[in-house]
2 protein chains.
Amino acid sequence: MSDQTGVSVQQIVEKVWLSIAERRLRPGVQLKEEQMATIFNVSRARIRQALALLQRDGLVAIIPNRGAFVCKPSVEEARDVFFVRRTVERCVVERLCKGVSKADIKRLRDHVAKERIANTQDITTDIIKLSGGFHLLLAETVGSDFLFATMRDLIARSSLITAVYRNTNRFNCGPDEHAEIVEAIVGNDADRATHLMAHHLEHVESELDLTEIRDLSHDLRAALA
Amino acid sequence: MSDQTGVSVQQIVEKVWLSIAERRLRPGVQLKEEQMATIFNVSRARIRQALALLQRDGLVAIIPNRGAFVCKPSVEEARDVFFVRRTVERCVVERLCKGVSKADIKRLRDHVAKERIANTQDITTDIIKLSGGFHLLLAETVGSDFLFATMRDLIARSSLITAVYRNTNRFNCGPDEHAEIVEAIVGNDADRATHLMAHHLEHVESELDLTEIRDLSHDLRAALA
DNA sequence: TCATTCCATATTGTCGACAATTTTGCAATC
DNA sequence: GATTGCAAAATTGTCGACAATATGGAATGA
């Protein structure tokens, strides 16, 4: 009758991640374990594991004996994330410009092609997944566990920040800029590649409204001053 | 009879962390759940939670259906970690130089004082904990969750790298350089503070033997070439 | 009417047991 | 003597149940 199919921890994480990135889950809402266990048709233990991973990625905050809540990053945190991201992505690109295999090149170009398709067909879910996935793929191609893990963390937080502070309806991180970066890497042109990447990230950040007045709900004294 | 005292997840993480940093646990060894459950006198569930956190910190690798193993970072990964660390610590120091409270200053100076005591008394465990703790305290003082989390990650990985690649018996990261950095921050001298920090990190990295011939056990073809 | 206390409810934290998977030891075969 | 196949042991993965803790509302008193 009912599908007995248990959902893997990774699938749960991805589902929640997407829901947050697509703004279906707003910052502050509580992710109750039993509720999620029912939705995904698994035991609470697996949900707890998924929540721990989401905490690792900085998407949810787990308060002891209270539960897990979707994070709301502050404007300053958003700036910090992009600051570090500029550095790490630069490091990634520099490493890639030292040479990539033919297989890697194909993978990168194929990914950009997928992004193009998602963009023309306007499938929001795919656009979000793939545009973050591009930067993750770059890090993965380097082959350093550390850079990959760091990038994973940064992408997750960037997605949350984008979901919270995006001021346009169009999703940024378009495939054209990605394509240019790939070709610069293929041509081993480190200067051009790092420059393009810096410009790309500036572009992404510029579409966010980080001048917004801070939410001072948590600090009544400051709010009423 | 036997002490019924359950050990918290955080305590387990710290114990393992220290054991790795002090080289009592070598890279590659498996951390078996039941064994650890017996040692810490807790259930396996709590051990699993601790192992998940250690994986988050990049200290152990969890292979599905196989178990958890202490990581062995490659030389290149070590360089990546220090590359990113230079950037993040610079960001932290710059933010701190914009002004810190009197309470923060006291906390920082107290910490350095503790380091001095541990150094004179030559208590290895404390020295390791405190020297990493200093950099963590700097990040915490900034007040950004993201910078703190990133720094936490970097410190954990740095500790593992130091444990693996340290070529001297003396533990680096001495309190004198820390003290200088604190005083530069107190004096709001961003130039001097960032310069000191950069020099300090270079010093730490210089005591590692990162020229070591790569371990190619995992790549037979390359090893036999 | 408002503040306080107490209790019922809901939610998270922990544990022990069982199922699934992998590793290991041993024997049979080539 | 080396290799393959199989079974037993060890280890990880998952679950349901119970204990501990926090939340919200009703009852009580000023």
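So you know, we letter chains A, B, ... as the sequences are listed, proteins then strands, and number each from 1.
Note: CZ (A:Phe69) to C1' (D:dA22) measures 11 Å, nearest angstrom. Here C:dT22 presents its P atom at 14 Å from CD of B:Gln30, a figure rounded to the nearest Å. Between A:Arg46 atom CZ and D:dG16 atom P there is a gap of 11 Å when expressed in whole angstrom units. Distance B:Glu33 CD to D:dT12 P: 5 Å, rounded to the nearest Å. Remark: P of D:dT14 and CG of A:Asn41 are 14 Å apart, rounded to the nearest angstrom. Between the C1' atom of C:dT23 and the CD1 atom of B:Ile63 lies a distance of 14 Å, rounded to the nearest Å. B:Ile47 has its CD1 atom 14 Å from the P atom of D:dG13, to the nearest Å. Here C:dA19 presents its P atom at 15 Å from CZ of B:Arg44, a figure rounded to the nearest Å.
Distance alone, capped at 3.5 Å, is enough to place a donor-acceptor pair between the A:Arg46 side chain and the A:Val7 backbone.
Residues A:Lys114 and A:Lys129 have side chains not in contact (no heavy-atom distance under 4.5 Å, counting atoms from C-beta outward). With contacts defined as side-chain heavy-atom distances shorter than 4.5 Å, the pair A:Phe83/B:Thr87 qualifies.
Comparing A:Ala45 and A:Gly67 by the nucleotide of DNA chain C whose heavy atom lies nearest to each, the residue mapping closer to the 5' end is A:Gly67. Toward the 5′ end of DNA chain D lies the nearest nucleotide of B:Lys32, the other residue of the pair A:Gln49 and B:Lys32 mapping further downstream.
Each end of the helix from C:dT1-D:dA30 to C:dC30-D:dG1 yields a helix axis from five base pairs, and these two axes differ in direction by 10° (to the nearest 10 degrees).
Residue pairs meeting the salt bridge (charged side-chain N to carboxylate O under 4.0 Å, His left out) criterion with at least one partner in residues 151-162 of chain A, sequence neighbours excluded, are A:Asp153-A:Arg157.
Contacts of B:Gln35 with the nucleic acid, taken as non-hydrogen atoms under 4.0 Å apart, are absent. When heavy atoms are screened at a 4.0 angstrom cut-off, B:Arg66 is found touching the sugar-phosphate backbone but no base atom.
By the neighbour-count criterion of 12 heavy atoms within 6.0 Å, atom CZ of A:Arg95 is densely surrounded, having more than that number from other residues, nucleotides or ligands.
Between B:His178 and B:His135, the ring planes lie perpendicular to each other; the angle is over 60°, past the 30° to 60° tilted range.
By the side chain to side chain contact (heavy atoms under 4.5 Å, CB included) test, B:Arg109 pairs with B:Ile105, B:Val182, B:Glu183, B:Val186, sequence neighbours left out.
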